[in-house]
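Heavy-atom basis, side chains included; hydrogens, waters and symmetry copies ignored.
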Amino acid sequence: TRLYLLLCGFIAKAYQYAKKGAILVLIARREDKLRFVADNCIKLGAMDVRAIRADASKEDDCRRFVEDTVNNMEDVCDKIYIMIIESIGN
């Protein structure tokens with residue numbers, strides 16, 4: 001079973017699933033942090049990582065990244081999990 005995971009704001013979960021060989025989509029507001037985490041996920045074993053700069057607190061951004069993910073990956077993966085964890089602070 002191929003696992004596809006869309007993650008917002010929870011680095012530890014991204015690393016956990018990367019070690020399992022998941023295909024990840026990472027969402028964050030800060031490009032530098034997003035790229036750092038994406039690179040680490042590849043090093044840990046993720047099959048693929050897509051990084052999307054977006055703000056999960058904005059409805060339009062959420063709609064955009066969910067639709068983009070489903071439209072582009074529905075034929076690639078057996079399961080798509082979406083986890084949006086509210087971050088505290090910056």
Enter the distance from Cys62:SG to Asp55:CG here, rounded to the nearest 0.5 Å.
8.0 Å
The criterion is side-chain hydrogen bond (donor to acceptor under 3.5 Å, both in side chains); which residues satisfy it with Asp68, sequence neighbours excluded?
Arg50, Asn72
Here the pair of heavy atoms bringing Val49 nearest to Leu26 is CG1-CD1, 3.8 Å
Mind checking the CD1-CZ spacing from Ile52 to Phe65? Nearest 0.5 Å is all I need.
7.5 Å
Phe36 six-ring centre to Lys33 NZ/CZ under 6.0 Å and within 45° of normal
no
Any heavy-atom pair between the side chains of Tyr15 and Asn40 that's under 4.5 Å?
yes
Of all heavy-atom pairs between Glu31 and Arg53, which one has the smallest distance, and what is that distance?
OE1-CD, 3.3 Å
At what distance, to the nearest 0.5 angstrom, does CZ of Arg29 lie from CG of Asp61?
10.5 Å
Between Leu24 and Cys41, what is the shortest heavy-atom contact and its length?
CD1-SG, 3.7 Å
Smallest separation among heavy atoms of Ala51 and Arg35, with atom names:
CB-NH1, 3.9 Å
Could you tell me whether Asp60 and Arg64 make a salt bridge, using a distance below 4.0 angstrom between a side-chain N and a carboxylate O?
no
